[in-house]
Structure formats: structure tokens, C-alpha cells
Amino acid sequence: MLLDQQYLFAPGPTPIPDRVKIAMNQPMIAHRSPEFPSLLEDVSTRLMPVFGSENPVTVLAGSGTSALETAAVNVIEENDEVVVIVAGAFGDRFASICETFGANVHRLNIEWGKTCKPEQLEDFLKSLQKEIKAVFATYCETSTGVLNPIKDLGKVVKRVTNALYIVDGVSCIGAVPVDMKGWNIDILVAGSQKALMLPPGLAFIAINDEAREVIRNCKAKRFYLDLNRYLASYENERSTPFTPAVSLIFGAQEVCNMFEEEGFEQVIKRHQLLKEMVREGLKAIEVPLLTSDEDASPTVTAVRTIDEPAKQIKKVLKDKFAITLGGGQKKLKGEIFRIGHMGYCTPFDVIKVLGSIEMTLKFLDGKDVLGTAVKRAEEVWIEHV
Ligand SMILES: *Cc1c(COP(=O)(O)O)cnc(C)c1O
């Protein structure tokens, strides 16, 4: 079998468009040369609508976790009271980061596979009776495939506390709507390798003016991740304090071209369609989903495995059909697999992955559902053409 073409459906890293690869191969430029400032300014400002930000987006070299750490370390001082919504592995990571930097972390634990409801947050915040410095939330909890109601949670944060509202959008920014001002978000972070169609290696941080003031006054020690350095460098010379990942920033510029050509509204709609096709297709072959339609993210779908272990399904998909999916993380390890459908992903890609799942079930169980999920997904798609 020709397995030269490998199909990547992990919830990050995700496939890279050829034109982005080509853009990343441009001759290297020095970040202190006259060319770099216009590149950085172009990317930082053209990403503003994607982040729903009123300020240029700050760009760092680092993975998504460096973006989370940056958000934490520029705000938290020893013994600050903070709240972290933990609905899966990435909420848990945000909480661990805050603990590492000495915060008193109040974890609002949500059942994995569910979103945090605004009432749950409201009750939790009221019950604490503490002066909360920041509330941390995860927009798409990648480990379970839910999309938290960030807008409604933001209303609660600002009604009940004076806290900053800090959001991890690593696995959905570039695929979903967001409006920092309208939704009360003070800091929004993302990484390059999920819905933004880039390789791993860039961290993005959007900051409003209120958060900026807190960051300026924050006494916590930090060096590489000190946002004050990045903001000053951007303001004074449209540059970065340390060597930026120049090639990836060239790539990000091409991603901005692609978003603008497709239209960002359309990008969002495409992801809604991908979600609907995946879910309806899997329901048609009675593969159980971890999340409800309402809670589910347009970027990643978590599938429960009952008959066959997730590992076995993943292995057949990889060995026979060259399809890579994600597994379960932490307490969902072995219980689910996850299909990433974000960034450089089309309805045809969904047909590919559903067809391979049908064949895998036939191969493993003899369960004959060939064509059933694909048919259902095509029915969904054709409604939208
Ligand atoms: C992938 C991801 C991260 C971490 O990103 P890394 O690039 O692996 O450091 C953080 N939060 C969410 C929600 C993610 O999906």
C-alpha cells in the first residue's frame, strides 16, 4: 500500500498548507534588520480580528504551554488567590502552572466531558469569599473536546469579582468567534500548531489595557517570559526582546493571507460544518461520543470506545490507513480517542477519516457499517454547498 501520504487528525499538531510551508522557506532575515519590524507589525495587527483583540497580538517563541505560563507569571504574585476552571487535562495544567508560581489556587472541578456552566462558576466564586486576582478558563478543553461558554463565564467573572479573566484558546483560536472586549477577556493565549495552521513553536498572547496595567505592576520574577519586555520592544522598535522564530512568523503572515481570502466568518462556518459532519457520521454508525452536541467544540471530537480499546483502533487506523488520531489524556487514557478537525481541514478530510473508521470497525469486529457514516456526513455537507 502506498503510505506516502499520511493523514494527520491529531488535535495538534495539525497539517500545514503548502503555501505556508513555502512562506516559511523565505530567506532568513535578521530581526534587527529593517525588514523585520514591518513583518512583525503586519502579523501582530492582522491577527487582531482572529483574537478579537483591540491591541496587537504579542508573539513569543515557545509552545502553547509557554503562552499559558506567560499569562500566569506576568500576573500572579506569591499567595494571590486565583480560580482555575478544570474541565480536563489543560485546565489541570493551567492550575498546576499557577500553583508553581505560588498562587493559592481554587480549582473549580467540572466533570470531564462537560462544559462549565455559568451558574457553577457563580456559585463557586460566591462561596470562596476571597479577593480573587484572576480567573483562568480553557476555551476549548482539548482533552475532552468541549467548548466552554467563555462569553457567559466572562459575564459572571466581572459581575462577581474584580478579577482578571484569562483564557486559554490554544486549540480553538483561528476556528471560533471571540471578542475580548465584548466577552470581558483580559488575556487570551494561543499556540501556533492547532487551528492556526502552523508548526509548533509560536505562542500568541493578546492583552487588553487593564491586564497591561496589572502586568506592569506585577512584582513576580520572570525574564524570558516577561511581557513588559515584549510590549516595550514592540512599541519602541516593532521587534522582540529575544530572537524571534522568524520563519514561523513568515508562515503566520501567509496564514493571515489565507484567513482573509477565505473570510474569517467563513473559516468559523467551515469548522462548524466539520464538527457536524464528524458527529452526525459517527452517530450514524452508533459510535458513542463523549460530549453533547451543545457542549462540543468545532475543532476536536472525543469518541468513547466500548468494544475495542482505543489503542487498538488507533493502531489499525495508523497501520492500515495512515491516519493519525489523538488518544485520551490522564483519566481518559484508553477510554477515548480524539479526532482533530481544525485548521487546514476540509469536508473531504472528514470523509476520509470517517471512511477509515468504518473500515477499521469492519476489520476489528466484522461490524459492517461501510459507507454509513460517510453517507450521513455527505448529507450534512450537501446541505451547506
Ligand atoms: C495543546 C494545548 C496546550 C499546550 O500546548 P503545547 O504546545 O503542547 O505546549 C494548552 N492548552 C490547550 C487547550 C491545548 O490544546
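Note that ligands are numbered from 1 as they come in the structure, with each ligand's atoms numbered from 1 the same way. Computed from a predicted model, the values in this text were never measured in an experiment.
Panel note: side chain Ser44, backbone Glu41; no donor-acceptor pair is recorded below 3.5 Å. In this structure a side-chain-to-backbone donor-acceptor pair under 3.5 Å is present from Asp368 to Leu370.
Between Asp123 and Lys126 there is no salt bridge, since none of the side-chain N atoms of the basic residue sits less than 4.0 Å from a carboxylate O of the acidic one. Of the charged side-chain nitrogens involved, none lies within less than 4.0 Å of a carboxylate oxygen, so that Glu77 and Lys219 do not count as a salt-bridged pair. A salt bridge is absent between Arg212 and Asp209: the closest approach of a Lys/Arg side-chain nitrogen to an acidic carboxylate oxygen does not fall below 4.0 angstrom.
From Thr372, atom OG1 reaches atom CG of Leu282 across 12.0 Å, with rounding to the nearest 0.5 Å.
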Report every pair formed by an N or O atom of ligand 1 and a protein N or O atom separated by less than 3.5 Å, giving atom names and the distance to 0.1 Å.
from     : atom 1 : to     : atom 2 : distance (Å)
ligand 1 : 7 (O)  : Ser63  : OG     : 3.4
ligand 1 : 7 (O)  : Gly64  : N      : 2.8
ligand 1 : 7 (O)  : Gln193 : NE2    : 2.6
ligand 1 : 9 (O)  : Ser63  : OG     : 2.5
ligand 1 : 9 (O)  : Gly64  : N      : 3.3
ligand 1 : 9 (O)  : Thr65  : N      : 2.7
ligand 1 : 9 (O)  : Thr65  : OG1    : 2.5
ligand 1 : 11 (N) : Asp168 : OD1    : 3.4
ligand 1 : 11 (N) : Asp168 : OD2    : 2.7
ligand 1 : 15 (O) : Thr142 : OG1    : 2.4
ligand 1 : 15 (O) : Lys194 : NZ     : 2.6

